[in-house]
Enquirer: 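If you scroll down you'll find the structure; I have some questions about it.
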Amino acid sequence: MSLTEIKTRVAKACKSAGRNVEDVTLIAVSKVQPLERVEAVLEEGHRIFGENRVQEAQGKWPDFMARYSGVDLHLLGPLQTNKAKQAVELFSTIHSVDRPKLARKLADLAQDRGSSPDLFLQINTGEEPQKAGVLPSEADDFVAEVRALDLPIKGLMCIPPVDEEPSLHFALLAKIAARNGLTGLSMGMSGDFERAIVLGATHIRVGSAIFGARDYG
Ligand SMILES: *Cc1c(COP(=O)(O)O)cnc(C)c1O
């Protein structure tokens, strides 16, 4: 599929949900993709990209950013506190704030730098032991804790379990966000972004549908 086709599908989903297409940010998830595929999407004019790992992003994006203006990078994967400094220097937005220790580290960095990336707090809506994020039952406390650190919370993020209907998880995330007065919803990937849009996604993270399957070789 191409970027253009994905944009058409996003527009269609917005229309049928009665939403403005400007209210849905399409993040092209470029992790693991060959540089020429990423460059092709840059050439098409897209500027918003998502990566999972700080180190991988550091390896490819400074060069692209020198050649294409206006690149906006989002970190989607788990962040270790010892990589947080590099992360805040490279990414405009971090979608994977998943524990108090990381929030405190980001607050310290924000103090030093006088600014912070936008943050999404990751909620483990499926309560999967292997997955990052706070449990739904702990979400309200976590939001309060991060707010008390004076950090800019853009919203909430989830990655539904692979074998469950994602809409249930999107609806749960939307409910937790609403009761905490948060408007940003980072949810929806290649297989389910239309359903996420219907349920209020403001940031969809689409990788393989734009770039093709990832080859982990
Ligand atoms: C890889 C990844 C995506 C994109 O997945 P696709 O199925 O390729 O669209 C989205 N969000 C996160 C957190 C990811 O790790």
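Keep in mind that the numbers below use all heavy atoms, side chains included, and drop hydrogens, waters and symmetry copies. Counting starts at 1 for both ligands and their atoms, following the listed order. The model shown is predicted, which means the values in this text are computed figures rather than measured ones.
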Enquirer: Partners of Gln80 by side chain to side chain contact (heavy atoms under 4.5 Å, CB included), sequence neighbours excluded?
Expert: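 With neighbours one apart ignored, the set is Asn82, Lys83.
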Enquirer: How would you list all residue pairs meeting ring pair (Phe, Tyr, Trp, His ring centres under 6.0 Å) that involve residues 125-168, not counting sequence neighbours?
Expert: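 Pairs touching residues 125-168 that pass the test: none.
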Enquirer: Dump all N/O pairs between ligand 1 and the protein below 3.5 Å as a table: atom names plus distance, one pair per row.
Expert:
from     : atom 1 : to     : atom 2 : distance (Å)
ligand 1 : 8 (O)  : Ser208 : N      : 2.8
ligand 1 : 8 (O)  : Ser208 : OG     : 2.9
ligand 1 : 8 (O)  : Arg214 : NH1    : 2.7
ligand 1 : 8 (O)  : Arg214 : NH2    : 3.2
ligand 1 : 9 (O)  : Ser190 : N      : 2.9
ligand 1 : 9 (O)  : Ser190 : OG     : 2.5
ligand 1 : 9 (O)  : Gly207 : N      : 2.8
ligand 1 : 11 (N) : Arg205 : NE     : 2.9
ligand 1 : 15 (O) : Lys31  : NZ     : 2.7
ligand 1 : 15 (O) : Asn52  : OD1    : 3.2
ligand 1 : 15 (O) : Asn52  : ND2    : 3.0

Enquirer: Please determine if Glu128 and Lys131 form a salt bridge, counting it only when a charged side-chain N lies under 4.0 Å from a carboxylate O.
Expert: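 Yes, this pair counts.
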Enquirer: Under the rule for side chain to side chain contact (heavy atoms under 4.5 Å, CB included), what residues qualify as partners of Lys85, not counting sequence neighbours?
Expert: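 Testing Lys85 for side chain to side chain contact (heavy atoms under 4.5 Å, CB included), a comparison that skips the adjacent residues, returns Glu89, Leu109.
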Enquirer: For the backbone of Ser30 and the side chain of Lys60, can you confirm whether one donor and one acceptor N or O come within less than 3.5 Å of each other?
Expert: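 Checking the backbone N and O of Ser30 against the side chain of Lys60, a donor-acceptor pair under 3.5 Å is found.
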Enquirer: Can you tell me which residue among Pro78, Ser186, Ser96, Cys158 is in a side-chain contact (heavy atoms from CB on, under 4.5 Å) with Gln122?
Expert: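 For Gln122, the side-chain contact (heavy atoms from CB on, under 4.5 Å) check succeeds only for Ser96.
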